[in-house]
2 protein chains.
Amino acid sequence: MQALEDDLSPRARRYARTQQAILDAARAIIHEQGADKLSMRAIADRIDYSPAGLYEYFGSKEEIIAAVCRQGHRLLRQTMLTVPPDLPPVEYLTEIGLAYIRFALSNPDYFLLMFTQTSAPALEPGAGFVEHEMMDADSSFPLLLQGVQRAREAGLIQPRAELSVMEAAYSLWAIVHGIAMLRITYLREMPMDFARADRAALEAIARGMAP
Amino acid sequence: MQALEDDLSPRARRYARTQQAILDAARAIIHEQGADKLSMRAIADRIDYSPAGLYEYFGSKEEIIAAVCRQGHRLLRQTMLTVPPDLPPVEYLTEIGLAYIRFALSNPDYFLLMFTQTSAPALEPGAGFVEHEMMDADSSFPLLLQGVQRAREAGLIQPRAELSVMEAAYSLWAIVHGIAMLRITYLREMPMDFARADRAALEAIARGMAP
DNA sequence: TCATTTACCAAACAATGTTCGGATTGTAGC
DNA sequence: GCTACAATCCGAACATTGTTTGGTAAATGA
């Protein structure tokens, strides 16, 4: 991990390390006490700083949260990357979908924070969809897109006039995201065989995209 | 609306009306300024009360929010009820799904608040799923359930061993909820033909449940 | 060695949810 | 109508929040 801190001056390295310590503390507080207990003072206490000292590293609490969310998206992507890519295409899609849901269930507050931010960076007017955060290398969506592409090449998914590859991936994302969201919020206390229901949902959407 | 205020004493009627005024003010603030601008003082100002006075009607800000959310779920259900029930079953399902999404897009802060509450009333241990909030008369889920049931009776949806009526409705809810959530949060700035993509998603899931 | 930038903090500020004590108002019983 | 009691309602305060300010100490570069 030290290796990543490139050819920076000692000062810049310390700065980056403290910045990361702030983010780690924030993440730990969110995980241990929930997002509503995340305060500048709590972060400062945990890393032996004063609240005011944090403003040397981040402009505001919002910026800290935004940075935590970026790391969260990277982490989510990495979780999905643990699924063996040599699985049969449809099974692969199912598994990365389930991994997405599992991530949300293991880190409900974190996940909720990541997908509740309404203050996104506004895209410049003329930008295409590739410019969007969704298509970043850190995002998890490209994995879905690539999975759908592979399934299509294997002939297991039929791209029709009414369902492009992009739209197929969007549908998959939506159903998986909807399940994750509902299960960590509205359906948290619902007694139900979710393992079964989730698989059924994924099978249904897969069948709907089959030739 | 006066008719609903039953056979209560004048005092109880005033009480109920003030309670409703508080909820209306809260809803208006959420709609006009966003959920983060919702404060006890803002509510009090709007209805000419002092902040302390509100505590005669609600125990806390959380209770106010919970009540606002309950009304939100009723409103969402009513929005979905405007879809003509005599449409062909599959088309009916598509339309109430689109109504769900439309509600979220027209009231993003409201919708987000409704489905972000993680402090739900814990279900008593021995309770079945019918006891859950999801199955309330105010909830929108029963509409989906009933729609799926009708489609099944018309032979347009095949209930299989791996996909009960309940699970089919759950799948539909998930995809619609996922679309709604993504579009008002992560994908807010995404330039994309959502009208097309949403229909494609709903068609795909419908095809996946067809015989 | 000295001047400047960096790192850091104590103290204060404004805004928040909530509580407390008392004042005012409405109601029920006589 | 009068009185006692309960219901409303509010000013003032408290604790907790994010953030700013002014200044001190340390590190850096000349």
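Protein chains get the first letters and strands the later ones, always in sequence-line order, with residue 1 at the start of each.
Rounded to an integer number of Å, the gap from CD of Q19(A) to C1' of dC8(C) is 16 Å. When the C1' atom of dG17(C) is taken as reference, atom CZ of F58(B) falls 16 Å away, rounded to whole Å. Rounded to an integer number of Å, the gap from K37(B) NZ to dG17(C) P is 12 Å. Here dA12(C) presents its P atom at 20 Å from CE of M40(A), a figure rounded to the nearest Å. Between K61(A) atom NZ and dT20(D) atom P there is a gap of 14 Å when expressed in whole angstrom units.
The residue L38(B) sits close only to the backbone: its heavy atoms come under 4.0 Å of sugar-phosphate atoms, none of a base. D48(B) comes within 4.0 angstrom of sugar-phosphate atoms only, judged by non-hydrogen atoms across all strands, and of no base.
Environment of CD in E62(A): sparse, with no more than 12 heavy atoms of neighbouring residues, nucleotides or ligands closer than 6.0 Å.
Between F103(B) and Y110(B), the ring planes are tilted. Angles from 30° to 60° get that label.
Between the side chain of R188(A) and the backbone N or O of T118(B) there is at least one donor-acceptor pair closer than 3.5 Å. Between the side chain of K61(A) and the main chain of L38(A), a donor-acceptor pair closer than 3.5 Å is present. Proximity of a side-chain donor or acceptor of R46(B) to a complementary backbone N or O of I29(B) within less than 3.5 Å is not detected.
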Can you tabulate the close N/O pairs, meaning under 3.5 Å, that link protein atoms to atoms of nucleotides 11-14 of chain D?
none

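Residue whose closest nucleotide on DNA chain D sits further toward the 5' end, between S39(A) and Y15(B): Y15(B). Two residues, Y55(B) and R14(B), neighbour DNA chain C, and the one matched to the more 5' nucleotide by heavy-atom proximity is Y55(B).
At least one side-chain heavy atom of L105(A) sits under 4.5 Å from a side-chain heavy atom of R183(A). Side-chain contact between S140(A) and T79(A): absent, with no pair of heavy atoms (C-beta onward) separated by less than 4.5 Å.
Secondary-structure annotation of DNA chain C gives the stems C:1-30 with D:1-30, with a stem taken as at least 3 successive Watson-Crick or G-U pairs whose two distances both fall under 3.5 Å.
In this structure, of dC9(C), dT28(D), dT18(C), it is dC9(C) that holds the atom nearest to the side chain of Y49(A). Side-chain proximity of Y57(B) to the nucleotides dT18(C), dT28(D), dC9(D) is greatest for dC9(D).
For F115(A) and H177(A), the ring centers are positioned less than 6.0 Å apart.
Using a cutoff of 4.0 Å between basic side-chain nitrogens and carboxylate oxygens, E95(B) and R199(B) are scored as salt-bridged.
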